[in-house]
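When reading the values below, keep in mind they use all heavy atoms of this one structure, side chains included, and skip hydrogens, waters and symmetry mates. Lettering follows sequence order; numbering is per chain, from 1.
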Amino acid sequence: MAIVKPSLAKGTRDFSPTEMEKRDYIFHTLKTVFTKYGYREIQTPSFENLQTLTGKYGDEGDKLIFKILNSGDYLAKAPADLLTERASTPLTPHISEKALRYDLTVPFARYVVMHQHEITLPFKRFQIQPVWRADRPQRGRYREFYQCDVDVVGSESLLNEAEFILIYHEALTNLGLMDFTIKLNNRKILSGIADVLGKPQLLVPMTVAIDKLDKIGVEGVDRELLERGFSDEDLEKLRPIMQLEGPVAVKIDQLKDTLASSAIGMRGIDEIEIVLGYVEKMTAHTDPLNRFIDLDITLARGLNYYTGCIFEVKTNEVTMGSIGGGGRYDDLTGMFGLKGLTGVGISFGADRIYDVMEELELFPTSTVQSTRVLFSNFDKLTELYALPLLQKLRGAGVAAEIYPASAKLKKQLAYADAKKIPYVVLIGEEEIQSGVFSLKDMQSGEQRKLDELKLFTFLTS
RNA sequence: GUGGGUAUAGCUCAGUUGGUUAGAGCACUAGAUUGUGGUUCUAGGGGUCGUCGGUUCGAGCCCGAUUAUCCACCCCA
C-alpha cells in the first residue's frame with residue numbers, strides 16, 4: 001500500500017487525552033445542570049435518511065449537508081439523462097440516500113414524531129453529539145463540531161423560557177465564567193416593528209439587516225435596508241428602536257410606545273415581561289440575574305423557524321462569537337406530519353466555551369491528572385512483587401499503573417513526569433528485602449519508606 | 001460561492017540584491033548520572049525547501065500553473 005502523508009480532513013480535529021479530559025469536564029458540568037432541571041438525555045444516529053434532512057435548512061443549508069454516497073455501483077441506477085447533463089442537484093437523490101446530521105433539532109423532531117406514543121408531554125430532552133457541515137472552515141468554525149441542545153416540546157408555558165435563562169446562568173457560572181450576557185429578543189417584537197413600518201412582508205430582510213448592527217454599524221445597516229426595499233422614512237423610525245440603550249425596563253417602555261399600534265408587537269413585549277417576571281420569582285432567594293440579561297432587538301438568529309423568544313449568549317471576558325443560542329419554534333414537528341406541537345430550546349457552543357475557558361484558564365487542575373501512582377519496574381522479580389499491591393489499589397479505585405518493561409529509572413520517572421503522575425513507588429532488591437516501599441512525591445521530589453499498609457492507606461485517602 | 005495570506009526538519013519558524021555542503025528553538029535518542037524526573041551541559045538522528053513547469057551559468061529565493069492550508073466575506077455554532 002502506498003504510504004500517504006498523515007493529515008486531517010479539512011475542518012476536523014483530533015482530541016488528545018488532556019483535551020478530552022477538559023471537554024468531558026464541560027459536558028459533565030452541563031449534563032449535571034440539565035438533569036437538575038428535569039431534562040433527560042437521548043442520542044440519535046450520526047446519519048439520517050437524506051430525505052429527513054433536505055429542505056429543512058433552506059437552499060444554503062441543503063448545500064452544506066454532507067451526503068453519503070450509496071454503496072455498490074451507485075451510478076448504475078442513476079438516470080442517464082441526468083448523468084450526461086451533469087446535473088448534480090437533481091442527480092443527488094439518485095446516488096445518495098443517507099446524510100450526516102446537520103444539527104440536533106431536526107433529528108429531535110423526527111425522534112418526537114416516531115416516539116410520540118412512548119413519550120409523555122411535555123417532553124424535556126438534552127442531546128450532546130457531533131454534527132457535520134460542509135462549510136468552509138475558519139477560526140472557531142469546524143466541519144465537525146459538537147452541539148449541546150436542551151429542548152422541551154409540548155409546553156407553551158413561558159416558564160420554560162425562564163428556566164433556560166437560569167440554566168444558562170447556572171451552567172456557565174459553574175464552568176467559571178463570570179461576565180456574560182444572555183441576550184433576549186422575541187420574533188413577535190420584530191414582526192411588530194415590520195408592521196409599524198407598514199412592511200410586514202419585509203420582516204426577514206429587515207431582521208437580517210439589523211442583526212448586523214454591531215458588525216457593520218448604522219450606516220451599513222441603513223445601506224442594506226435601502227437595498228432591500230425600505231425608505232428613508234422607515235430608517236428614521238427604525239433607528240431609535242435599533243439603538244435603544246439603558247436598563248431592560250426602560251427599553252421595554254420605549255418599545256411599548258413605538259409598537260402600541262401593533263397587536264403582535266405588544267404580545268412580544270408581554271412575553272418578555274412574563275419571562276423576566278418568572279426569572280425574578282425564581283431568584284427570590286439568590287442574587288438577581290439582571291446584570292446578565294439584556295433585551296436586544298437586533299438579535300435575529302435562525303429566524304426561519306423561531307416564532308417567539310430568541311436567546312443568544314455572549315461572553316464579555318474575551319472576544320468570541322456567541323457561545324449559545326436558542327428560541328421558541330411553534331410547529332417543530334409539522335414537517336414530519338405532527339401538527340401543533342410547540343418547542344423551545346437552547347444550545348451551548350461547547351467548542352467555543354472550551355476556547356474561552358482555555359483563554360481564561362478556568363479548567364481545574366484536577367481534570368488533567370489521570371494516573372495517581374506509577375510502580376517502577378527494574379526486572380522480572382520486582383515486577384511480579386508489585387502486581388498484588390497494584391491490583392489492590394485499583395480495586396480500591398485508585399488509578400494505578402506499572403511501567404510495562406524494565407527500563408532505566410530515568411526513563412520511568414520521565415514517563416511519570418510527562419503524564420503528571422504525582423507519586424511513584426520504587427521497588428528494588430532493597431525494598432523487597434526490607435519489605436517496605438519507597439514512595440516518591442514527584443512534585444516535591446521527597447522520598448520516604450512506607451510499609452504496605454501505610455502506603456495503601458496513604459494512596460487511598 | 002467571492003477575496004487575501006502562507007507553504008523550508010515531527011512542531012513553531014529564520015534563510016540577505018538569486019551564489020559553496022539549507023539553519024535555530026522546541027520535541028526525540030544517547031551520554032554527563034549503572035536506582036532518581038522536571039533545571040543544566042554535550043553529542044546524535046532527522047529535509048525530494050508542497051507539486052509541476054519556466055527564466056537563469058546557477059533557484060529555497062524570481063515568474064506561471066496546480067494542490068493544500070489559514071484568514072476574511074456570505075452564512076452559521
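Relative to the side chain of L413(A), the nucleotides A77(B), U36(B), G35(B) differ in distance, and U36(B) lies closest. Side chain of A414(A), nearest nucleotide from C75(B), G37(B), U36(B): G37(B). Minimum atom distance to the side chain of V208(A) is reached by C75(B), of the listed A77(B), G37(B), C75(B). Out of G3(B), A77(B), G35(B), the shortest distance to the side chain of R136(A) is found at G3(B).
Each of K419(A), R394(A), R372(A) was checked for a salt bridge (charged side-chain N to carboxylate O under 4.0 Å, His left out) with E401(A), and the lone residue meeting it is K419(A). Each of Y168(A), F27(A), Y354(A), F126(A) was compared with F348(A) under the ring-ring contact (aromatic ring centres under 6.0 Å, His included) criterion, and only Y168(A) meets it.
Applying the 4.0 Å criterion to OP1 and OP2 of G35(B), one finds that K411(A) has every side-chain N and O outside that range. The phosphate of C73(B) has neither OP1 nor OP2 within less than 4.0 Å of any side-chain N or O from K212(A). Dashed line: the shortest gap from a side-chain N or O of Q138(A) to OP1 or OP2 of A72(B) is under 4.0 Å.
Judged by distance alone, with hydrogens and angles left aside, Q447(A) brings a side-chain donor or acceptor within reach of the base of U36(B), the pair sitting under 3.5 Å. For G38(B), its base never sits under 3.5 Å from the side chain of D417(A) at any donor and acceptor pair. Side chain E431(A) to base G35(B): a donor-acceptor pair is found below 3.5 Å. The base of C75(B) sits within donor-acceptor range of the side chain of R141(A), with an N or O pair under 3.5 Å.
Separation of the C1' atoms belonging to G1(B) and G64(B) is 25 Å when rounded to the nearest angstrom. Remark: the separation of the P atoms in U69(B) and C61(B) is 23 Å, to the nearest Å. As rounded to the nearest Å, G60(B) and U51(B) have P atoms that lie 11 Å from one another. Rounded to whole Å, the separation between the C1' atoms of C41(B) and U33(B) comes to 12 Å. Taking atom P in both G37(B) and U29(B), one finds a spacing of 14 Å when rounded to whole Å. Distance check on atom C1': U16(B) versus G54(B) gives 25 Å, rounded to whole Å. Here the separation of G5(B) from U21(B), taken at their P atoms, is 33 Å to the nearest Å. Comparing the P positions of A59(B) and G19(B) gives an interatomic distance of 11 Å, to the nearest angstrom.
Residues Q412(A) and N377(A) come closest through the heavy atom pair NE2-O, 2.5 Å. Looking at every heavy atom in both residues, V221(A) comes nearest to A209(A) through CG2-O, 3.6 Å. Contact record, T52(A) with V106(A): O-CG1, 3.7 Å, taken as the closest heavy-atom pair.
Both thresholds, 5.5 Å between centres and 30° between ring planes, are not jointly met by Y415(A) relative to the base of G37(B), so the two rings are not stacked.
Between the N185(A) side chain and the I297(A) main chain, a donor and an acceptor come within less than 3.5 Å of each other.
Rounded to an integer number of Å, the gap from NZ of K56(A) to P of C75(B) is 23 Å. Computed from coordinates, the D14(A) CG to C11(B) P distance equals 13 Å when rounded to whole Å. For Y403(A) and G37(B), the OH to P distance is 14 Å, given to the nearest whole Å. Summarising the geometry, the separation between CD1 on I310(A) and P on A77(B) is reported as 12 Å, rounded to the nearest angstrom. Distance, Y102(A) OH to C75(B) P: 12 Å, rounded to whole Å. Put simply, CG on N377(A) is 15 Å from C1' on U36(B), counting in whole angstrom units. If you take NZ of K10(A) and C1' of C71(B), they are 13 Å apart, rounded to a whole angstrom. In this structure, the NZ atom of K410(A) is 11 Å from the C1' atom of G38(B), given to the nearest Å.
Along RNA chain B, the nucleotide nearest M442(A) and the nucleotide nearest G349(A) are compared for position; the residue whose nucleotide lies closer to the 5' end is M442(A). Where K408(A) and G11(A) meet RNA chain B, the nucleotide closest to each residue was compared, and K408(A) sits on the side nearer the 5' end.
Counting any heavy atom pair closer than 4.0 Å across all strands shown, E446(A) reaches no nucleic acid atom. When heavy atoms are screened at a 4.0 angstrom cut-off, G445(A) is found touching base atoms of the nucleic acid. Among the atoms of the strands shown, none is found under 4.0 Å from any heavy atom of Q412(A). Looking at heavy-atom distances under 4.0 Å, Y146(A) makes no contact with the nucleic acid at all.
L341(A) has its side chain out of reach of D331(A): every pair of non-hydrogen atoms, C-beta onward, lies at least 4.5 Å apart.
Judged by Watson-Crick or G-U wobble contacts below 3.5 Å, the nucleotide G3(B) has C71(B) as its partner.
Under the 6.0 Å cut-off for aromatic ring centres, Y102(A) and F66(A) do not qualify, their centroids lying 6.0 Å or more apart.
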